[in-house]
Amino acid sequence: ASDDGIRGKDKVIITKGKYTITSTGDGIKATNDKNTSKGYINISGGTYTIKSDGDGIQAESYLNISGGTFNITTRGGYTTIIGSSVKAKGVKANTELNIKGGTFTFNTPDDAIHSNGNITISGGTIKVQTGDDGIHAEDTLTINGGNITISNSKEGLEGSKIYFKNGTVNVKATDDGVNAAPEGSDNNSGQNQAQSTGLISISGGSLKVYSNGDALDSNGSIAISGGETFIESSNTRLETALDHDKDMTVTGGTFIALYKSLGMNDSGTRTTSIPYVYAPVNNGSGKITIGNITYTPTLTGYKHIFIISSKLTNNTNYDLKYGNNLVSVTTKTGTISTS
């Protein structure tokens, strides 16, 4: 198609079939932006190979996908350099984007999954290579299931508020791995930091982040109450593994941070009601073991190990092993110190 591949004004509904679309515009599109109850797309099955210069699938209102197999490439893929005015997202909705199932492969220079409102992912297998954000919601991003691998991105997960409740997510990012950044917030502005309402909430699932910048960055607070969270930062700047403008609280789950910088940046407090340990190390690498917790990281040459877990016992001495090395640590609770 010399413009859009498949286009409906009020709605596009697809339940099955096989579609191969090559377009200079969008691949599949619903265009009604005058009526908020229209301009939507529902896809529940089918096989899609989309190569578009615009967005792969774009809905003016909401986009619901509950099944199907999708291979979406926009503008030649994630290595293509595009200007800020060029739109080449994988799937996009202006209000709500919901993925309940399906198999997705994205190769995009722009955001792979994007909503100007909210995004909810509760199932599916998603593989992403992008030159920008892996998953970006202007408002709330909720992950409540699925298997997501973001192997190339600038920022992996981004939203005003991010709720990670279930599922398996692996992120590799050249900048922030997970970024809670409400519109208008700015890490470099003390005033905006104080007013920020950003939130990263982790209550279940498995989240692994490898970042060249901030692994977890909230222009607001961080709350961890369950699940498994593993973050690694290769950068040597001060603000790398954890960066939060307000408080960080941990009440459950297992959290492991490995980083090379001198410390972690925060303007608020950092507290835990479950045991934690911190250890400076020399050129760390290899599998990490403490008690019945084991973790094999990607990062080598890390200088700091920070672990919080309900699997540990408070006020107890442990042997912390990393690779062929061993250091003795004692668990604590309360205000966290990593210095």
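Computed over heavy atoms, backbone and side chain alike; hydrogens, waters and symmetry mates excluded.
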Q | Atom CG of Asn282 with >12 non-hydrogen neighbours under 6.0 angstrom | A | no
Q | Derivation and outcome, side-chain contact (heavy atoms from CB on, under 4.5 Å), residues Asp110 and Val86 | A | CA-CA 8 Å; Asp110 204 347; Val86 176; over 6 Å; no
Q: Using only heavy-atom distances, determine whether the side chains of Asp139 and Ser160 contain a donor-acceptor pair under 3.5 Å.
A: no
Q) Do Thr73 and Asn71 touch side chain to side chain, with heavy atoms closer than 4.5 Å? A) yes
**Q.** Distance (rounded to the nearest 0.5 Å) between Leu157 CG and Ile200 CD1
**A.** 9.0 Å
Q. Step by step, would you call Ile148 with Asn170 a side-chain contact (heavy atoms from CB on, under 4.5 Å)?
A. CA-CA 6 Å; Ile148 302 170; Asn170 291 279; over 6 Å; no
Q) Can any side-chain N or O of Asn35 pair as donor or acceptor with the backbone N or O of Ser37 at less than 3.5 Å? A) yes
Q: Nearest 0.5 Å please: distance from the NE2 atom of His244 over to the CG atom of Leu199.
A: 12.5 Å
Q) Considering all heavy atoms of both residues, which atom of Ser52 and which atom of Gly54 are nearest to each other, and what is their separation? A) OG-O, 3.0 Å
Q | N/O donor-acceptor pair under 3.5 Å between Ser61 side chain and Lys38 backbone | A | yes
Q) Heavy-atom distance under 4.5 Å between the side chains of Phe104 and Lys127, does that happen here? A) no
Q) In terms of hydrophobic clusters joined by side-chain contacts under 4.5 Å, are Ile150 and Val91 together? A) yes
Q. Mind checking whether Ile21 and Ile28 have side chains closer than 4.5 Å, heavy atoms only?
A. yes
Q.
Using ring pair (Phe, Tyr, Trp, His ring centres under 6.0 Å), reason through Phe230 and Tyr295 one step at a time and then give a plain yes or no.
A. CA-CA 9 Å; Phe230 311 107; Tyr295 173 61; 4.4 Å; yes
Q) Counting N and O atoms only, with roles assigned by atom type, does the side chain of Tyr62 sit under 3.5 Å from a partner on the main chain of Gly39, one being a donor and the other an acceptor? A) no
Q: Verify, without hydrogens or angle tests, whether Thr80 (side chain) and Arg75 (backbone) share a donor-acceptor contact under 3.5 angstrom.
A: yes
(Q) Within the 3.5 Å criterion, strictly below it, is a donor on Asn94 or Glu60 matched to an acceptor on the partner's side chain? (A) yes
Q.
Please give me the minimum heavy-atom distance between Gly117 and Ala137, naming the atom from each residue.
A. O-CB, 3.7 Å
Q: Classify the side-chain pair Thr254/Ser309 by whether it contains a donor and acceptor separated by less than 3.5 Å.
A: yes
(Q) When you compare the side chain of Phe164 with that of Val169, does any pair of heavy atoms fall below 4.5 Å? (A) yes
Q) Quick one: OG1 on Thr272 to CD1 on Ile224, what's the gap to the nearest 0.5 Å? A) 9.0 Å
Q.
I'd like to know whether Ile113 forms a side-chain contact (heavy atoms from CB on, under 4.5 Å) with Phe106, so could you lay out the CA-CA distance, the side-chain angles of the two residues, the decisive distance to 0.1 Å, and finally the verdict.
A. CA-CA 9 Å; Ile113 300 173; Phe106 293 103; 3.9 Å; yes
Q | Considering all heavy atoms, the nearest His136-Ile119 contact | A | O-CD1, 3.2 Å
Q. Which distance, rounded to the nearest 0.5 Å, do you find between the CG of Asp217 and the CD of Glu155?
A. 7.5 Å
Q: Indicate whether any N or O donor in one side chain lies under 3.5 Å from an N or O acceptor in the other, for Glu96 and Asn118.
A: yes
Q.
Closer than 3.5 angstrom, by distance alone: can the side chain of Tyr276 be matched with the main-chain N or O of Ser273 as a donor-acceptor pair?
A. no
Q | Ser23 and Asp4: side chain donor to acceptor below 3.5 Å | A | no
Q. Closest heavy-atom contact between Tyr163 and Lys161?
A. OH-CD, 3.7 Å
**Q.** Common cluster, Val12/Leu63, ILVMFWY with side-chain heavy-atom separation under 4.5 Å
**A.** yes
Q | Lys154/Asp175 salt bridge by N-O under 4.0 Å criterion | A | no
Q) Under a 4.5 Å side-chain heavy-atom rule over Ile, Leu, Val, Met, Phe, Trp and Tyr, are Val329 and Tyr278 clustered together? A) no
Q. Is the number of heavy atoms from other residues, nucleotides or ligands under 6.0 Å of Lys287 NZ greater than 12?
A. no
Q) Which heavy-atom pair separates Ala88 from Asp53 by the least distance, and what is that distance? A) CB-O, 4.0 Å
**Q.** hydrophobic_cluster_shared for Ile121 and Tyr40, side chain cutoff 4.5 Å
**A.** no
Q: Return yes if some donor-acceptor pair links the side-chain N/O of Thr74 with the main-chain N/O of Gly90 below 3.5 Å, else return no.
A: no
Q) Would Ile202 and Met248 show up in the same hydrophobic cluster when neighbours are defined by side-chain heavy atoms closer than 4.5 Å? A) yes
Q: State, with a plain yes or no, whether a side-chain heavy atom of Thr130 is found less than 4.5 Å away from one of Asn152.
A: no
Q | Check: Tyr318 and Thr289 side chains under 4.5 Å, non-hydrogen atoms | A | no
Q: Indicate yes or no for a side-chain donor-acceptor contact from Ser153 to the backbone of Lys172 under 3.5 Å, with no hydrogens or angles considered.
A: yes
Q: For Thr316 and Thr313, indicate whether the former's side chain and the latter's backbone hold a donor-acceptor pair under 3.5 Å.
A: yes
**Q.** Gap between atom CG of Asp111 and atom NZ of Lys87 - 0.5 Å precision
**A.** 8.5 Å
Q) Judged by atom type as modelled, is there a donor-acceptor pair below 3.5 Å linking the side chain of Thr271 to the main-chain atoms of Thr335? A) no
Q: Would you give the length of the straight line joining atom CG of Asn317 to atom OG1 of Thr331, rounded to the nearest 0.5 angstrom?
A: 8.0 Å
(Q) One pair to check against side-chain contact (heavy atoms from CB on, under 4.5 Å): Asp214 and Asn235. What are the steps and the verdict? (A) CA-CA 8 Å; Asp214 299 330; Asn235 206 292; over 6 Å; no
Q) Between Thr105 and Asn107, is any pair of side-chain heavy atoms under 4.5 Å apart? A) no
**Q.** Ser234-Asn212 side chain donor-acceptor pair, cut-off 3.5 Å
**A.** yes
**Q.** Closest approach of Thr108 to Lys89 (non-hydrogen atoms, all atoms of both residues)
**A.** CG2-C, 4.4 Å
Q) Is there a donor-acceptor pair under 3.5 Å between the side chain of Ser233 and the backbone N or O of Gly213? A) yes
Q. Taking side chain as C-beta onward, heavy atoms only, is Lys260 less than 4.5 Å from Leu299?
A. yes
Q. Can you tell me if CD1 on Ile81 sees more than 12 non-hydrogen neighbours from other groups inside 6.0 Å?
A. no
Q.
Once you measure the plane-to-plane angle for Phe255 and Phe306, does it fall in the parallel (<30°), tilted (30-60°) or perpendicular (>60°) bin?
A. perpendicular
Q. Tyr322: what forms a ring pair (Phe, Tyr, Trp, His ring centres under 6.0 Å) with it, not counting sequence neighbours?
A. none
